[in-house]
Amino acid sequence: SSDLDRRKPLQKNIALSAPIVSRFDLMFCIVDDAGDESDYKLADSILNLHRQGDIAVKPPFTSEEFQLYIRFAKTLTPRLTVEAMRRIGAAYRGMRVHDSLSNRNRVYRVTTRMLESIIRLS
């Protein structure tokens, strides 16, 4: 079903197995809340895009600036500090303890994949 139940956790709202979900670093629910004002703004934006083409889109940077940023970002080799490693390790251990003490029937367990995701996002 495409209906999101906001009272339920994410894993109860999606039809993906735990092994598949564990491969994602982040997951977001995109909710389309209907309303006169938001519907009007969305329709106006899409209609302007079709009428004016690229002129209707005003990005905060040029294509060249974005390419320059990507080239720069590829030169970086971030490393975790000792303090960051300590904090991430403590948070991971805390999540594992919480997970082990909570309901054993949970679909998604705290795994080393989650630790790797946290490191990537750091």
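Bear in mind that the values here come from a model prediction, so they are computed numbers and not experimental data.
A donor-acceptor pair under 3.5 Å is formed between the side chain of T75 and the backbone N or O of F72. A side-chain donor-acceptor contact under 3.5 Å links N13 to the backbone of D5. Side chain of E65 to backbone of T62: a donor-acceptor contact under 3.5 angstrom is found.
Residues L26 and R120 fail the side-chain proximity criterion, which asks for heavy atoms closer than 4.5 Å. Using a 4.5 Å heavy-atom threshold, the side chains of M27 and L10 count as touching. Side-chain contact between H50 and I46: present, with at least one pair of heavy atoms (C-beta onward) separated by less than 4.5 Å.
The distance from the NZ atom of K8 to the CD1 atom of I14 is 13.0 Å, given to the nearest 0.5 Å. How far CZ of R93 is from CE of M95: 11.0 Å, rounded to the nearest 0.5 Å. Note that the CG atom of L80 and the CZ atom of R87 stand 12.5 Å from one another [nearest 0.5 Å]. Put simply, OG on S22 and CG on L16 are 11.0 Å apart, with the number rounded to the nearest 0.5 Å. A distance of 9.5 Å separates NZ of K74 from CZ of R71, quoted to the nearest 0.5 Å.
Taken together through direct or relayed side-chain contacts under 4.5 Å among Ile, Leu, Val, Met, Phe, Trp and Tyr, L121 and F28 form part of one hydrophobic cluster.
Membership of the apolar cluster around Y69 extends to F61, F66, I70, as traced through chained side-chain contacts below 4.5 Å between ILVMFWY residues.
A 6.0 Å sphere centred on CD1 of I30 holds no more than 12 heavy atoms belonging to other residues, nucleotides or ligands. A 6.0 Å sphere centred on CZ of R7 holds no more than 12 heavy atoms belonging to other residues, nucleotides or ligands. Taking a 6.0 Å sphere around CD of E37, one finds it holds 12 or fewer heavy atoms contributed by other residues, nucleotides or ligands.
Partner of Y92 under the side chain to side chain contact (heavy atoms under 4.5 Å, CB included) criterion, out of V97, I119, T112: T112 alone.
Between E116 and R113 there is no salt bridge, since no side-chain N of the basic residue sits under 4.0 Å from a carboxylate O of the acidic one.
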* To do: For the pair R6 and V31, evaluate side-chain contact (heavy atoms from CB on, under 4.5 Å) and give the outcome as yes or no after the intermediate values.
  => CA-CA 10 Å; R6 293 175 192 235; V31 179; 2.9 Å; yes
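Closest of all the heavy-atom pairs between T111 and R96 is CA-NH1, 4.2 Å.
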